[in-house]
Amino acid sequence: MIARMWESRINPGMLDEFATWVRDSAWPQFVSARGFLGGDAYRSDEQQLAVVVTRWSDADALAAGSAWFDLGCERFCVSEPNAWEFSPIALD
């Protein structure tokens, strides 16, 4: 399993529109993508910041499921978003 954390400052006045885009357009595409295991989306109104965390079965699924998201979100972002991939830490 691979977790991907994406974060970006959102253009002033566009956080509501970004959240709607994530909910209505991006998330349904994630859900239907091969290898998508779930995730969460967050917003900080005070910081004009958004964070999207997704979980994927493997690197191929991550690459296929994230490429279109990165292109679609460009219009909302103040600058180039940051994204990191993580592997889980066994806690038991």
Would you say the side-chain atoms of Asn11 pair up with the backbone N or O of Arg75, donor to acceptor, closer than 3.5 Å?
yes

Is a donor on one side and an acceptor on the other found under 3.5 Å between the side chain of Ser66 and the backbone of Ala63?
no

Closest approach of Phe30 to Gly65 (non-hydrogen atoms, all atoms of both residues)
CE2-O, 3.2 Å

Out of curiosity, Glu85 CD to Met5 CE, how far, rounded to the nearest 0.5 Å?
10.5 Å

Is the distance from the ring center of Trp6 to that of Phe18 below 6.0 Å?
yes

Tell me the closest heavy-atom pair linking Pro81 and Ser8, and the distance in Å.
CB-CB, 3.8 Å

Sub-3.5 Å donor-acceptor pair from the side chain of Arg9 to the main-chain atoms of Gln47, do we have one?
yes

Are the side chains of Leu49 and Glu7 in touch, meaning some heavy atoms are under 4.5 Å apart?
yes

Within a strict 4.5 Å, meaning less than it, do heavy atoms of the Trp27 and Trp21 side chains meet?
no

Please collect all salt bridge (charged side-chain N to carboxylate O under 4.0 Å, His left out) contacts where either partner lies in residues 12-31, sequence neighbours excluded, each pair once.
Asp16-Arg43

Are Trp84 and Val51 connected, step by step, through hydrophobic side chains (Ile, Leu, Val, Met, Phe, Trp, Tyr) whose heavy atoms are closer than 4.5 Å?
yes

Ignoring hydrogens, what is the shortest heavy-atom contact between Ala59 and Ile2? Give both atom names and the distance.
N-CD1, 3.4 Å

Starting at CD1 of Ile10, measure out to SG of Cys77 and round the result to the nearest 0.5 Å.
4.5 Å

Shortest non-hydrogen pair, Gln48 vs Gly13, comes out as OE1-N, 3.8 Å

Would you indicate whether the side-chain heavy atoms of Thr54 and Val52 approach each other to under 4.5 Å?
yes

Do the side chain of Asp58 and the main chain of Ala61 share a donor and acceptor less than 3.5 angstrom apart?
yes

Tell me if a side-chain donor or acceptor on Asp40 pairs with a main-chain N or O of Val53 at a distance below 3.5 Å.
no

Check whether any side-chain heavy atom of Arg4 sits under 4.5 Å from a side-chain heavy atom of Phe86, and report yes or no.
no

